[in-house]
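These notes concern the structure reproduced below.
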Amino acid sequence: MGHPIITNSKFIVTFISVLLFLRTESTEPPFSCDSSNSNTSSFPFCNNSLPTSQRVNDLVSRLTVDEKILQLVNGAPEIPRLGISAYEWWSEGLHGVSRHGKGTFFNGTIKAATQFPQIILTASTFDENLWYRIAQAIGKETRAVYNAGQLKGMTLWAPNINIFRDPRWGRGQETPGEDPMVVGKYGVAYVRGLQGDSFEGGKLKDGHLQTSACCKHFIAQDMDTWNNFSRYTFDAHVLKQDLADSYEPSFKNCVEQGKVSSVMCAYNLVNGIPNCANFDLLTTTARGKWGLQGYIVSDCDAVAIMYTHQGYAKEPEDAVAATLRAGMDVNCGSHLKKYTKSALEKQKIQESDIDRALHNLFSVRMRLGLFNGDPRKLEYGDISAAEVCSQEHRALALEAARNGIVLLKNSDRLLPLSKMKTTSLAVIGPKANDSEVLLGNYEGYPCKNVTLLQGLQGYVENITYHPGCDFTNCTYAAIDEAVVIAKKADYVVLVMGLDQTLEREKLDRTELGLPGMQERLVTAIAEAASKPVIVVLMCGGPVDVTFAKDNQNIGDILWVGYPGEGGAATALAEIISVNTIQVKGEITGHLDPKEFNKIPMNDMRMRPVSTNGYPGRTYRFYNGPKVFEFGYGLSYTNYSYSFASVSKNQLHFKNPKVNKSTEHGSVLNIAVSNFGLEVCNNAMITVKVAVKNGGEMAGKHPVLLFLRHSNTVDEVPRKTLIGFKSVNLEAGANTHVTFDVKPCEHFTRANRDGILVIDEGKYFFLVGDEEYPVTVFV
Ligand SMILES: *[C@@H]1O[C@H](CO)[C@@H](O)[C@H](O)[C@H]1NC(C)=O
Ligand SMILES: *[C@@H]1O[C@H](CO)[C@@H](O)[C@H](O)[C@H]1NC(C)=O
Ligand SMILES: *[C@@H]1O[C@H](CO)[C@@H](O)[C@H](O)[C@H]1NC(C)=O
Ligand SMILES: *[C@@H]1O[C@H](CO)[C@@H](O)[C@H](O)[C@H]1NC(C)=O
Ligand SMILES: *[C@@H]1O[C@H](CO)[C@@H](O)[C@H](O)[C@H]1NC(C)=O
Ligand SMILES: *[C@@H]1O[C@H](CO)[C@@H](O)[C@H](O)[C@H]1NC(C)=O
Ligand SMILES: *[C@@H]1O[C@H](CO)[C@@H](O)[C@H](O)[C@H]1NC(C)=O
Ligand SMILES: *[C@@H]1O[C@H](CO)[C@@H](O)[C@H](O)[C@H]1NC(C)=O
Ligand SMILES: *[C@@H]1O[C@H](CO)[C@@H](O)[C@H](O)[C@H]1NC(C)=O
Ligand SMILES: *[C@@H]1O[C@H](CO)[C@@H](O)[C@H](O)[C@H]1NC(C)=O
């Protein structure tokens with residue numbers, strides 16, 4: 001049989017038009033108000049000199065009801081008669097321009113984008129400026145991809161600022177850890193960088209956005225699947241107290257300080273109400289109290305499930321009404337496309353409910369500069385494809401990996417190894433020669449495809465590699481073979497841990513130890529090797545490595561998170577080998593022992609309940625045993641701290657007009673709302689910490705300042721991080737780090753009504769092992 005010869009002219013026409021279509025699509029970014037179309041460019045909504053709200057009013061007034069309805073979903077179609085382009089709301093950018101979502105495609109000139117480390121690792125640098133610079137780079141690359149015609153929308157659904165409440169959560173890797181302040185500061189830095197604001201904030205020109213960020217998932221979504229619970233139907237019972245001082249603060253910061261242009265409401269219900277149908281949450285709190293300027297998007301299909309899974313909406317139209325009335329603006333999914341018309345007909349909503357949502361949506365598109373003619377001729381229009389995967393951005397990814405990797409154990413100062421060139425190394429681990437695993441989830445295509453093994457091969461000539469396990473789950477381990485290899489080598493590096501088959505979206509872990517036979521493999525090799533071995537722990541969620549901590553044959557434990565592309569491999573190799581590169585990170589979570597697995601994941605309470613053994617959650621409240629403490633991290637050098645000066649050691653928060661409270665046997669306290677700005681400003685404490693690098697190497701080092709109350713009742717945090725700063729210190733050098741402590745913020749916790757109070761009594765500032773007392777009178 002020969003090849004069929006196509007002579008059909010219809011086919012040829014179609015073929016040519018497909019070619020033309022592809023060509024235009026891969027080079028022309030979508031925008032509205034094309035100045036070359038005189039039919040549409042003269043509409044007032046295209047006039048950039050008018051205020052945005054006036055432009056949006058004009059635009060919405062020109063739409064028919066049917067046109068309006070189609071704009072309420074993530075894939076918003078074009079409206080040719082008005083010169084309005086299509087828009088895809090769903091793009092992702094958690095730690096680099098992502099291949100997930102619907103907005104980006106990498107089949108044009110741009111094939112890859114810089115993939116920074118997964119957030120849990122970047123966060124452990126405790127470096128706000130670095131977080132900001134990474135987001136700035138991602139924002140730039142996003143614009144470049146748009147300018148190249150490979151992006152259908154510039155609304156990125158990142159950052160993920162839920163706190164990492166439970167170590168099993170498959171998406172904990174996406175978050176900056178378990179501390180609300182760190183998560184909040186990360187969110188603010190990330191939003192400012194992405195949106196084109198300055199590091200200090202407040203300089204967003206006329207609200208003009210480089211790209212739009214989205215703080216998700218609002219709120220209390222930190223479990224995907226556990227036993228029979230799923231995020232789609234989970235009704236999280238959240239106490240007002242925990243909401244106020246654990247779950248909400250990062251979102252509040254993100255909106256108030258970050259000025260984020262979007263919030264995503266989460267799938268789950270909180271105290272009986274689905275988040276996307278919660279008027280109090282979306283309208284009263286986010287828009288009202290915090291002043292959100294932007295759009296609220298549902299997580300994907302979160303509207304439909306109110307009818308199909310949650311039994312919250314009796315009819316499909318009830319879900320439309322509940323969400324639009326609550327203040328949600330756009331539905332990721334298609335429910336609003338299908339049922340908004342009938343909701344109108346059944347009078348469950350009014351057209352004004354739709355207009356309200358459209359106002360928020362078109363405002364953001366205008367702030368992105370998509371209604372001013374060709375954006376490539378305007379601000380951000382000259383960001384070219386050369387900015388993607390630039391040397392500068394890749395160096396930044398390397399910097400993040402270098403500064404984020406945490407040294408958890410370094411017995412007898414085994415690391416850094418000297419004379420690497422002449423050493424022989426055995427590298428063992430199922431993912432040590434995999435480049436995909438380094439990226440974590442919500443990844444994109446990396447600029448450079450390198451594995452940890454290849455990174456090490458750049459430093460050591462004589463490496464023998466063995467995967468050790470069949471898969472990461474290690475249902476089978478080739479212990480004998482691996483032992484033979486390990487015995488021959490001078491040093492052994494074991495790359496162990498997890499990957500996306502074991503922790504990811506829709507997949508929480510079922511155990512906290514190393515999976516399958518990994519632990520047995522490590523122990524056997526450590527026993528056989530001639531020198532103590534080095535364990536490289538690759539994972540997002542914490543893994544209980546007590547066995548390795550206690551095993552003398554295991555010299556080192558290095559946690560590398562999911563360290564990102566290219567640079568990550570270099571970073572690890574440098575840390576292991578080159579004695580001028582420091583390990584700098586400190587963990588943003590505490591590590592629970594395996595036994596924590598018996599605590600139900602659906603129990604949302606943060607505070608312990610001493611009477612029934614519930615241990616509480618996160619380092620602020622958890623009172624059980626720990627493998628490593630929050631903020632733990634060793635260094636190749638030796639830092640010591642002392643309190644150089646503290647401007648006050650007493651604080652008086654007395655107000656004779658206000659009753660103090662001792663709710664539920666707690667310490668005497670007073671609501672902070674009783675004190676105005678003046679009292680609060682006067683209470684400010686300047687804490688100066690002296691830091692000395694007592695070792696033999698220069699280094700960068702994060703200094704963490706905590707506060708703890710002397711009275712350890714369940715209500716009161718055991719300790720709270722109140723400040724962090726990085727210092728760069730030469731060997732033997734000293735410096736001072738100054739923290740401005742704001743008692744009306746840093747000394748507060750929520751009471752059971754969700755009101756922020758200050759407890760009386762003795763507190764301590766903590767840095768390292770040093771303590772400094774301060775007493776509060778109410
Ligand atoms: C690239 O992929 C997008 C999305 O699938 C598609 O619309 C477009 O036509 C493709 N372009 C090329 C040049 O293949
Ligand atoms: C402008 O409108 C006229 C009349 O409807 C039409 O013939 C022409 O094609 C339109 N131009 C563009 C660029 O759409
Ligand atoms: C745009 O609006 C400004 C301010 O109202 C007005 O002066 C100007 O004429 C408008 N431009 C066009 C092209 O309509
Ligand atoms: C989970 O659901 C299954 C099937 O509905 C049921 O048999 C099982 O008892 C449930 N497990 C728990 C822990 O509730
Ligand atoms: C590591 O992976 C690369 C790329 O897949 C491959 O070319 C190389 O042979 C592997 N190295 C070893 C030692 O297996
Ligand atoms: C790197 O290259 C290998 C072999 O071509 C491929 O299988 C792998 O998916 C690539 N990794 C990434 C992260 O793109
Ligand atoms: C282990 O992982 C492999 C590959 O991901 C999978 O096919 C296998 O089912 C897993 N085994 C178990 C017991 O989960
Ligand atoms: C490489 O290291 C192995 C031990 O792992 C050793 O047997 C071998 O001789 C070394 N090869 C070279 C070229 O040094
Ligand atoms: C660091 O300093 C402490 C106290 O001065 C000392 O005990 C310890 O041995 C030093 N460690 C290193 C690694 O220099
Ligand atoms: C303070 O407590 C007293 C006695 O319980 C009560 O009568 C009074 O109304 C309270 N004052 C305020 C301001 O709440």
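Every number for a ligand or one of its atoms is a count from 1 in the order of the listing.
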- Scan Leu156, Thr155, Val388 and name whichever one has a side chain to side chain contact (heavy atoms under 4.5 Å, CB included) with Thr142. Leu156
- Message: Any nitrogen or oxygen of Asn47, side chain or backbone, less than 3.5 Å from one on ligand 3?
- Response: yes
- Message: Exactly one of Asp222, Asp592, Asn597, Thr225 should register a side chain to side chain donor-acceptor pair (under 3.5 Å) with Arg168. Which one does?
- Response: Asn597
- Going by an N to O cut-off under 4.0 Å, is there a salt bridge joining Arg231 and Asp224? yes
- Side-chain H-bond candidate by donor/acceptor type, Asn57 with Arg62, under 3.5 Å: no
- Report all protein residues having a heavy-atom distance below 4.0 Å to some atom of ligand 6; order the list by chain, then number. Ser435, Glu436, Leu439, Pro446, Asn449
- Task: Within a distance under 4.0 Å of any heavy atom of Asn473, pick out the atoms of ligand 7 and give their elements.
- Result: 1 (C), 2 (O), 3 (C), 8 (C), 10 (C), 11 (N), 12 (C), 14 (O)
- Message: At less than 4.0 angstrom from any non-hydrogen atom of Phe471, what atoms of ligand 7 do you find?
- Response: 1 (C), 2 (O), 3 (C), 4 (C)
- Find all atoms of ligand 3 within a distance of less than 4.0 Å from any non-hydrogen atom belonging to Leu50, and give their numbers and elements. 2 (O), 4 (C), 5 (O)
- Message: Does this structure show an ion pair linking Lys216 with Glu92, if we count only N-O contacts that are shorter than 4.0 Å?
- Response: yes
- Message: Taking the six-membered ring for Trp, are Tyr186 and Trp131 closer than 6.0 Å centroid to centroid?
- Response: yes
- Taking both backbone and side-chain atoms of Thr475, is any N or O found less than 3.5 Å from an N or O belonging to ligand 7? no
- According to the interplanar angle, ranging from 0 to 90°, do the rings of Trp157 and Trp90 count as parallel (below 30°), tilted (30 to 60°) or perpendicular (above 60°)? parallel
- What do you reckon, are the aromatic ring centroids of Tyr562 and His95 less than 6.0 Å apart? no
